[in-house]
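Accompanying notes for the structure given below.
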Amino acid sequence: MNARLVVLVSGAGTNLQALLDAARNPGYGATVVAVGADRDGIAALDRARDAGIPTFTLKVRDFETRGAWDDALAAACAAHQPDLIVCAGFMKLVGKGFLARFTGRCLNTHPALLPSFPGMHGVRDALSYGVKITGCTVFLVDEGVDAGPVLAQAAVAVADDDDEATLHERIKVAERALLVDTVGRMAREGWSVSDDRKVTIGR
Ligand code: GAR
């Protein structure tokens, strides 16, 4: 049985595209059933429409409170009966209402080796710190900022002449492969999280 993925996006959607491409293989074990966004006019939504996947857009400013937006986002995702929610470049933090429904099956990808450089500018912050190795992290979302249990990580070397754009592009190559591999293994083999937040994929 294919795991049902709802993918949340805010931008270019190259991670979404990698998942859509992987899911064309029937052996992958997961299929994208809907794509949700917090804004219009982004390439990620075009990618979803090109693939014939239903989309929904919920903008925070259209709701009276952040909590109301969060509840609406959770309801829009739940309508597609997802097994997993994948935040793939989704630039909003989900809140309590959303997590009450989806804790343990909502994952996110971040362009740094957490717990280093959480937040909106993971690539820029790693570069300004001067690290020689950075990378990407796929993790389960909890109430913190990029703080949940780690599912998988990949390292990327920083080049002397990197700027934020060149480094981010190289990280994204590693990130797409890591995300596709991690989601596929979770879908096919299952996963568990111990009390001390260690994640095991596979039984
Ligand atoms: C990815 O590098 C992802 O890690 C980052 O946005 C990019 C989205 O790329 N997310 C964050 O920085 C979240 N804090 P994409 O739209 O091409 O998939």
Side-chain angles (χ1 to χ4, degrees), residues 5-23 30 32 34-51 53 55-60 66 70 73 84-95 98-99 102 106-129 131 133-159 162-184 186:
L5 310 179
V6 169
V7 183
L8 300 178
V9 293
S10 300
T14 66
N15 281 285
L16 165 66
Q17 189 66 55
L19 289 168
L20 290 169
D21 293 347
V32 180
V35 172
D38 65 331
R39 62 197 76 184
D40 296 317
I42 52 173
L45 285 173
D46 296 334
R47 293 176 190 276
R49 290 184 198 113
D50 288 350
I53 309 288
T55 66
F56 57 87
T57 301
L58 295 168
K59 299 176 196 167
V60 172
R66 182 72 180 224
D70 192 65
L73 181 71
L84 272 176
I85 311 272
V86 182
C87 298
F90 188 56
M91 293 304 196
K92 289 282 183 303
L93 293 177
V94 295
F98 187 94
L99 289 169
F102 296 119
C106 175
L107 57 89
N108 194 1
T109 176
H110 182 73
L113 291 174
L114 295 171
S116 295
F117 313 117
M120 296 287 283
H121 304 293
V123 180
R124 188 188 307 170
D125 294 346
L127 205 52
S128 14
Y129 192 91
V131 293
I133 303 278
T134 183
C136 47
T137 304
V138 178
F139 62 99
L140 287 170
V141 175
D142 69 5
E143 284 176 16
V145 177
D146 299 328
V150 171
L151 289 158
Q153 294 184 300
V156 172
V158 180
D162 264 331
D163 59 22
E164 186 179 355
T166 60
L167 180 56
H168 198 175
E169 275 315 306
R170 255 190 356 278
I171 289 172
K172 284 176 70 169
V173 172
E175 190 176 25
R176 289 188 285 266
L178 188 72
L179 184 66
V180 164
D181 176 68
T182 305
V183 169
M186 290 171 80

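On a predicted model such as this, the values are computed, not experimentally measured, just so you know. Heavy atoms only: backbone and side chains are in, while hydrogens, waters and symmetry mates are out. Order of listing sets the numbers, starting from 1, for every ligand and every atom in it. Along the sequence shown, residues carry numbers from 1.
- Contact annotation: for H110 versus ligand 1, heavy atoms closer than 4.0 Å belong to both the backbone and the side chain.
- When the side chain to side chain donor-acceptor pair (under 3.5 Å) test is applied to T182, no partner is found at least two apart in sequence or on another chain.
- At under 3.5 Å, a nitrogen or oxygen of T109, whether backbone or side chain, sits near a nitrogen or oxygen of ligand 1.
- Within the 4.0 Å heavy-atom cutoff, C136 does not count among the residues contacting ligand 1.
- The existence of a salt bridge linking D70 and K92 is excluded, since no basic side-chain nitrogen approaches an acidic carboxylate oxygen closer than 4.0 Å.
- Counting only heavy atoms of the protein, atom 7 (C) of ligand 1 lies nearest to H168 NE2, 4.0 Å.
- Shown here are the ring-ring contact (aromatic ring centres under 6.0 Å, His included) partners of F98, two or more places apart in sequence or in another chain: F102.
- Residue G122 places no heavy atom under 4.0 Å from ligand 1.
- Among all non-hydrogen protein atoms, the one lying nearest atom 16 (O) of ligand 1 is G13 N, 2.8 Å.
- We find the CG-CE distance between L8 and M91 to be 13.0 Å, quoted to the nearest 0.5 Å.
- Inclusion of A12 in the set of residues having an N or O under 3.5 Å from an N or O of ligand 1 is warranted.
- A salt bridge links R49 to D46: at least one charged side-chain nitrogen sits closer than 4.0 Å to a carboxylate oxygen.
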